[in-house]
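FYI, the numbering just counts along the sequence from 1. Note: hydrogens, waters and symmetry copies are ignored here, and every other heavy atom, side chains too, is used.
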Amino acid sequence: MEDIIVVGAGPAGSRVAAALAQKGHRVKVLEEHGRAGEAVCCTGIVGSECYADLGGEASVLRSARSVTFVSPSGHIVRLEKDSPQAYVLDRPSLDIMLAEKAASYGADFVYDCHVEKAARTNSHIEVRTVRRGRAEVHAARGLVLASGPSSRLTSSLGLGELGDFAVGAQTEIEVEGIAEVEVRFSNELAPGFFTWVVPTTGKRALVGMICREKPRSHFKAFLSRLEREGRIKSTECMVQARKIPLRPLDRTYGDHIVAVGDAAGQVKPTTGGGIYYGLLCADAAADVLDRALRAGDLSKRMLSTYESRWRKTLGSELRMGYLCRMAFERLGDRTIDALFEAVQANSIDRIALNSRAFSFDWHGGILGRAINHPAIWKLLGTTVLGLLSGKGGNPLAAECLVTVKGRLRAEPLTPPSECAMQS
Ligand SMILES: Cc1cc2nc3c(=O)[nH]c(=O)nc-3n(C[C@H](O)[C@H](O)[C@H](O)COP(=O)(O)OP(=O)(O)OC[C@H]3O[C@@H](n4cnc5c(N)ncnc54)[C@H](O)[C@@H]3O)c2cc1C
């Protein structure tokens, strides 16, 4: 019997596997694809904090120290720093690197191995798989569900289901005249979300978008727009699409089980980025599982520490991000244009850039400060208050209340000067 079975050789799964194998535990990773990094659908952008966390071992396609935001009617806000703020990682290579690292510590990777079902017995977990047409059974003292956003395993094991999703669609294509990361906001192209063009190498770029539904038709419309602008030669390309969870599971642990990464919904609700949060939560999971294995106690009570650990780090960030996501999805293009104008007229972009709260990975601080700016509050106040008082029609908003009230109290609603955003 293994100590731990990990389902999924994505970043979160391989990271847990590496940490536990390094500590001497017997770890088996079951992955349905033929190798790590196969069939990923991801732009691979991470902040400098995540890049440093990876120890510079990830393969970088490009670093980015600037970004251009484009409003629905074409207003531009450009942010630029002296040093790289983000790195475009070669995502398949990242997955391979993390899996090889885990294997080098002794984790056993089984590929082409689809996990169909997992069940608890009194003392351990039994995992039923199909590998190249053959049914197999694996047993372990504990199970890590790192099986991404579409897995049904969390609900079948009593951890419930991810409650809110968007869909991301992406292709890699040659693009003319876009030298830096470009993010566009337009309800016509990406209702409630945004599109992106991320240059990689030479003229190649990752072109993508997020929306709630009909990703392929929205994506086609975006490509047609780029074609009309002379940015791309043809809209013919291979499009990948994948779910993006926007809220975490209510509970990410159970007897003998934890869920990490996209499977647990540990994703930034603002952008849908999940690599770094998945890695942070994987570290917390590995640490708690290590103690549990040594203590011979993988009970729900013991593993609950995992949940309190990751929520302490990410909980308020996720709540604040989700509130902003819900508010943003209620804005029409005119209001988004007005927000761009307000940002420019009040130098909020410059103030944000110089604020210590500015971070690629942690958005809550800067969002709280931005919402508190009188010019922004004038445009967003009614929507935010509507959500907080439940008038927005989304009962989930109530959960954001505590965090947001706390933040708004800490950073008063009517800071008079532009210094309000400086921390
Ligand atoms: C278009 C798009 C762009 C994105 N861009 C970014 C970005 O720039 N930066 C960022 O941080 N995030 C980005 N994300 C999100 C990011 O891709 C995910 O957050 C990240 O991949 C989550 O990692 P994970 O290890 O939790 O899950 P995954 O990477 O999904 O890995 C899960 C693994 O489990 C395997 N698996 C699933 N079910 C089973 C089963 N039953 N049996 C065996 N194996 C199974 C899968 O094959 C997969 O290998 C993007 C997402 C999309 C859709």
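Considering every non-hydrogen atom in both A9 and F109, the closest pair reads CB-CE2, 3.9 Å. Between P199 and V181, the closest heavy-atom pair is CD-N, 3.9 Å. For the pair C50 and D361, the tightest heavy-atom approach, listed with the atom from each and the gap, is N-OD2, 4.0 Å. The heavy-atom pair separating A12 from A282 by the smallest distance is O-CB, 3.5 Å. Pairing each heavy atom of A21 with each of A107, the nearest pair is CB-N, 3.8 Å. The shortest non-hydrogen separation linking A102 to S14 is CB-O, 3.6 Å.
Judged by distance alone, with hydrogens and angles left aside, the side-chain atoms of Q266 form a donor-acceptor pair with the main-chain N or O of G261 at under 3.5 Å. When atom types are taken as modelled, the side chain of R120 and the backbone of I257 share no donor-acceptor pair closer than 3.5 angstrom. With S224 contributing its side chain and K220 its backbone, the two residues share a donor-acceptor pair below 3.5 Å. Of the possible donor and acceptor atoms, one in the side chain of D337 sits under 3.5 Å from a partner among the backbone N and O of S73. Using a distance-only test at 3.5 Å, with no hydrogens or angles considered, no donor-acceptor pair links the side chain of R212 to the main chain of P191. Using a distance-only test at 3.5 Å, with no hydrogens or angles considered, a donor-acceptor pair links the side chain of R26 to the main chain of M1. Using a distance-only test at 3.5 Å, with no hydrogens or angles considered, a donor-acceptor pair links the side chain of R325 to the main chain of G192. Between the Y105 side chain and the K23 main chain, no donor and acceptor come within less than 3.5 Å of each other. Without hydrogens or angle criteria, E180 side chain to I178 main chain gives no donor-acceptor distance under 3.5 Å. With hydrogens and angles disregarded, a donor-acceptor distance shorter than 3.5 Å links the side chain of E317 to the backbone of H363.
R225 CZ to I232 CD1: the interatomic distance, rounded to the nearest 0.5 Å, is 12.0 Å. Summarising the geometry, atom CD1 belonging to I210 is positioned 12.0 Å from atom CZ belonging to F219; distances are rounded to the nearest 0.5 Å. Atoms CG and OG1, on L318 and T313 in that order, are 10.0 Å from each other to the nearest 0.5 Å. Note that CD of Q85 is 8.0 Å distant from CG of L353, once rounded to the nearest 0.5 Å. For the atom pair E126 CD and K117 NZ, the distance stands at 10.0 Å (nearest 0.5 Å). The distance from the CD atom of E31 to the CG atom of D95 is 8.5 Å, given to the nearest 0.5 Å.
Side-chain contact between V60 and L89 is present, with at least one heavy-atom pair separated by less than 4.5 Å. Counting heavy atoms from C-beta outward, T200 and R62 have side chains that stay 4.5 Å or more apart. Under the 4.5 Å side-chain criterion, counting only non-hydrogen atoms from C-beta, L157 is in contact with L143. Side-chain contact between L279 and L54 is present, with heavy atoms from C-beta onward closer than 4.5 Å. Between Y322 and D164, some side-chain heavy-atom pair lies under the 4.5 Å cut-off. By the 4.5 Å heavy-atom criterion applied to side chains, T252 and T154 are not counted as neighbours. Under the 4.5 Å side-chain criterion, counting only non-hydrogen atoms from C-beta, S151 is not in contact with L145. By the 4.5 Å heavy-atom criterion applied to side chains, L98 and L94 are counted as neighbours.
Cation-pi check for R251 over Y253 is met; the charged atom lies under 6.0 angstrom from the ring centroid and within 45 degrees of its normal.
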Candidate pair S147 and V115, rule side chain to side chain contact (heavy atoms under 4.5 Å, CB included), full reasoning = CA-CA 9 Å; S147 39; V115 174; over 6 Å; no

Residues F185, V70; criterion side chain to side chain contact (heavy atoms under 4.5 Å, CB included); working and verdict | CA-CA 6 Å; F185 298 94; V70 187; over 6 Å; no

Between L293 and R141, is a side chain to side chain contact (heavy atoms under 4.5 Å, CB included) present by the stated rule, with each step listed?
-> CA-CA 8 Å; L293 287 165; R141 294 165 68 197; 3.7 Å; yes

Derivation and outcome, side chain to side chain contact (heavy atoms under 4.5 Å, CB included), residues W377 and V384 | CA-CA 9 Å; W377 185 253; V384 171; 4.2 Å; yes

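With respect to the salt-bridge test (charged N to carboxylate O, under 4.0 angstrom), the residues D3 and R294 do not qualify. Ion pairing between R242 and D262 holds under the 4.0 Å rule for side-chain N and carboxylate O. Using a 4.0 Å cut-off between charged side-chain N and carboxylate O, D112 and R132 make a salt bridge.
In E188, the CD atom is not crowded: 12 or fewer heavy atoms of neighbouring residues, nucleotides or ligands sit closer than 6.0 Å. Heavy atoms of other residues, nucleotides or ligands lying less than 6.0 angstrom from CZ of R152 number 12 at most.
Judged as a ring pair (Phe, Tyr, Trp, His ring centres under 6.0 Å), not a single pair has a partner in residues 17-49 (not counting sequence neighbours). Within the structure, every pair that satisfies the ring pair (Phe, Tyr, Trp, His ring centres under 6.0 Å) test and touches residues 75-94, not counting sequence neighbours, is listed here: Y51-Y87.
Looking at residues two or more places apart in sequence or on another chain, you find a side-chain contact (heavy atoms from CB on, under 4.5 Å) between D90 and S59, L61, P92, S93. Remark: E182 engages R184, R231 in a salt bridge (charged side-chain N to carboxylate O under 4.0 Å, His left out) (not counting sequence neighbours). Residues forming a side-chain contact (heavy atoms from CB on, under 4.5 Å) with A140 (at least two apart in sequence, or on another chain): E2, I5.
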Table please: side-chain donor-acceptor pairs of residues 39-49 below 3.5 Å, with sequence neighbours left out.
{"unit_1": "T43", "atom_1": "OG1", "unit_2": "Q170", "atom_2": "OE1", "d": "2.4"}
{"unit_1": "T43", "atom_1": "OG1", "unit_2": "W196", "atom_2": "NE1", "d": "3.1"}
{"unit_1": "E49", "atom_1": "OE1", "unit_2": "W362", "atom_2": "NE1", "d": "3.0"}
{"unit_1": "E49", "atom_1": "OE2", "unit_2": "Y276", "atom_2": "OH", "d": "2.8"}
{"unit_1": "E49", "atom_1": "OE2", "unit_2": "W362", "atom_2": "NE1", "d": "3.1"}

